[in-house]
Number of protein chains: 2
Amino acid sequence: MQFSKSTDYALHALAYLAHLNSSEPTGIKQLADVLNVSETYLSKIMTNLRKDGLVNAVPGAKGGYELAREASRISFLDVILALEGRQHLFECSNTTSKQHNMLVQETPASECRIKRVMDSAETQFYEYLSNQSIQSVISQ
Amino acid sequence: MQFSKSTDYALHALAYLAHLNSSEPTGIKQLADVLNVSETYLSKIMTNLRKDGLVNAVPGAKGGYELAREASRISFLDVILALEGRQHLFECSNTTSKQHNMLVQETPASECRIKRVMDSAETQFYEYLSNQSIQSVISQ
DNA sequence: GTTATTACAGACTCGTTATATCTATAATTA
DNA sequence: TAATTATAGATATAACGAGTCTGTAATAAC
Ligand code: SF4
Ligand code: SF4
């Protein structure tokens, strides 16, 4: 289990935009050059960020990308969810097995303790990442 | 980013062994039946657990698997590391980019704040999972 | 309006990993 | 010796990640 490279690039791109703090949008060309990634590939990543409302995209000449809100209000979790999607880290696969029936029977709620532990771990993980902003990684 | 099915099965298998609490080893046939997975596939997973010292494997007639230590001393993290491996959740991909030079320059240690945030999240995540034992998911 | 610039969508390629099966082998008990 | 059981290795398949290419739409400058 690992974060995808896309998530890595997205974090770097946002950190760069936050660092620049420019009033003009920044083009994919400049962004790709700074991150050392191809323009077309990075553009897909930026589109994901746009779809989740983290950046604004300005088409046309002098266009590019800019943060949709202050860097202090964009969290690591926002970025990760935009790129990795919103499935849970742990998904029940065999909800028809004898084992499942056994473990679920033991609990009042319809959720066994295995799932509860894994989901709690995820919640705590995300909680931490939601408190880390892009602003916090650039120099003050 | 998601845990693999192998990790899922491994957790279930260990929970079952802990539940049985038998003095005799449990065969792959019984285990696969309870988990509703093929024997050969599950056997590969059990071998991973054995290689990490979480279970003992007894070959030959009347053989099978048994917990290598008390269930209270086998953590979720142990299982996850055995199945998912030990790479970090976040790996720097572009350590030659201009962005990297910029961010590393700002910090005294040779590690930028992006990496530090991600590694801290991982550490905390693992910390939590290392405190959850297999024993804790079965009925007392 | 025309042209240059830029983001965007979609198809596509390629390599790797996850999932799963099959078979032959080695170890152990009966 | 025979039956049972785990293990290693080869193999198959599907899914996913990473990355490229191309044509299209939107905007600004001229
Ligand atoms: S609810 Fe628990 S036992 Fe059932 S499939 Fe999910 S993790 Fe497994
Ligand atoms: S050290 Fe920081 S800037 Fe450099 S590659 Fe790793 S995460 Fe990116």
Side-chain angles (χ1 to χ4, degrees), chain A residues 1-10 12-13 17 22 24-33 35-68 80 82-85 87 89-91 93-94, chain B residues 1-10 12-13 17 22 24-33 35-68 80 82-87 89-94:
Chain A
M1 189 176 61
Q2 257 192 226
F3 286 108
S4 69
K5 292 198 173 189
S6 298
T7 297
D8 182 307
Y9 295 142
H12 285 73
L17 290 180
S22 162
E24 307 282 302
T26 305
I28 193 73
K29 194 163 282 186
Q30 180 181 349
L31 223 39
D33 175 63
L35 299 195
N36 196 31
V37 194
S38 86
E39 299 176 25
T40 49
Y41 183 39
L42 183 57
S43 112
K44 276 205 178 322
I45 294 168
M46 297 309 291
T47 299
N48 279 331
L49 293 178
R50 190 215 56 187
K51 284 178 178 167
D52 265 40
L54 305 187
V55 299
N56 296 325
V58 183
K62 289 279 179 182
Y65 300 93
E66 60 192 8
L67 298 183
I80 288 166
L83 272 295
E84 305 279 339
Q87 348 79 354
L89 295 187
F90 178 85
E91 303 237 326
S93 32
N94 269 350
Chain B
M1 191 174 63
Q2 257 192 222
F3 286 107
S4 69
K5 291 196 174 190
S6 297
T7 297
D8 182 306
Y9 296 142
H12 285 72
L17 290 181
S22 162
E24 307 282 301
T26 305
I28 194 71
K29 194 163 281 186
Q30 180 181 351
L31 222 40
D33 176 63
L35 299 194
N36 196 30
V37 193
S38 85
E39 300 176 25
T40 48
Y41 183 39
L42 184 57
S43 102
K44 278 206 174 329
I45 294 168
M46 297 309 291
T47 299
N48 278 331
L49 293 178
R50 191 215 56 187
K51 284 179 178 166
D52 265 41
L54 305 186
V55 299
N56 296 325
V58 183
K62 289 280 180 181
Y65 301 94
E66 58 192 8
L67 297 184
I80 289 166
L83 272 296
E84 305 279 338
R86 273 143 174 105
Q87 347 80 357
L89 295 188
F90 179 85
E91 302 238 326
C92 292
S93 31
N94 269 350

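Side-chain atoms of A:Phe3 and A:Asp8, non-hydrogen and from C-beta on, never get closer than 4.5 Å to each other.
The distance from atom CD1 of A:Ile45 to atom P of D:dG17 is 13 Å, rounded to the nearest whole Å. Distance B:Gln2 CD to D:dC16 C1': 12 Å, rounded to the nearest Å. The nearest whole Å value for the distance from the CD atom in B:Gln87 to the P atom in D:dG17 is 15 Å. Here the P atom of nucleotide D:dT4 and the CD atom of B:Glu39 are 13 Å apart, to the nearest Å. Between A:Asn48 atom CG and D:dG19 atom P the separation is 15 Å, expressed in whole Å. The nearest whole Å value for the distance from the CD1 atom in A:Ile28 to the P atom in D:dA25 is 21 Å. What separates CD of B:Glu24 from P of D:dT5 is a distance of 12 Å, to the nearest Å. The NZ atom of B:Lys29 sits 9 Å away from the C1' atom of D:dT4 (whole-angstrom rounding).
With sequence neighbours excluded, the residues satisfying side-chain contact (heavy atoms from CB on, under 4.5 Å) with B:Glu91 are A:Gln2, B:Gln87, B:His88. With sequence neighbours excluded, no residue forms a side-chain hydrogen bond (donor to acceptor under 3.5 Å, both in side chains) with B:Asn94. A:Glu39 is linked by a side-chain contact (heavy atoms from CB on, under 4.5 Å) to A:Ile28, A:Lys29, A:Ala32, counting only residues two or more places apart in sequence or in another chain. With sequence neighbours excluded, no residue satisfies side-chain hydrogen bond (donor to acceptor under 3.5 Å, both in side chains) with B:Glu24. In this structure A:Thr26 satisfies the side-chain hydrogen bond (donor to acceptor under 3.5 Å, both in side chains) test with no other residue, sequence neighbours excluded. Listed by chain and number, the residues in a side-chain contact (heavy atoms from CB on, under 4.5 Å) with A:Thr40 are A:Ser38 (sequence neighbours excluded).
Over its full length, the helix from C:dG1-D:dC30 to C:dA30-D:dT1 turns its helical axis through 20°, comparing axes from the five pairs at each end and rounding to 10°.
Closest approach of A:Leu83 and A:Ser6 over heavy atoms only: CD1-CB, 3.6 Å. Counting all heavy atoms, side chain and backbone alike, A:Leu89 lies closest to B:Met1 at CD2-O, 3.3 Å.
Contact annotation for A:Ser38: backbone-only contact, meaning every heavy-atom pair under 4.0 Å involves sugar-phosphate atoms and none involves a base.
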Taking N or O atoms only and anything under 3.5 Å, show me the protein contacts with nucleotides 13-19 of chain C, one pair per line.
{"unit_1": "C:dT19", "atom_1": "OP1", "unit_2": "B:Lys5", "atom_2": "N", "d": "2.9"}

Please produce a list of atom pairs where a protein N or O lies less than 3.5 Å from an N or O of nucleotides 22-28 of chain C.
{"unit_1": "C:dT28", "atom_1": "O2", "unit_2": "B:Ala61", "atom_2": "N", "d": "3.3"}

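B:Tyr9 and B:Tyr41 have perpendicular rings, their planes meeting at more than 60° on a 0 to 90° scale where under 30° would count as parallel.
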Please list, one pair per line, the donor and acceptor atoms closer than 3.5 Å that link side chains of residues 44-67 of chain B to other protein atoms, with sequence neighbours excluded.
{"unit_1": "B:Thr47", "atom_1": "OG1", "unit_2": "B:Ser43", "atom_2": "O", "d": "2.9"}
{"unit_1": "B:Asp52", "atom_1": "OD2", "unit_2": "B:Arg86", "atom_2": "NH1", "d": "3.0"}
{"unit_1": "B:Asp52", "atom_1": "OD2", "unit_2": "B:Arg86", "atom_2": "NH2", "d": "3.2"}

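A sub-4.0 Å separation between OP1 or OP2 of D:dA8 and a side-chain N or O of B:Arg50 is present.
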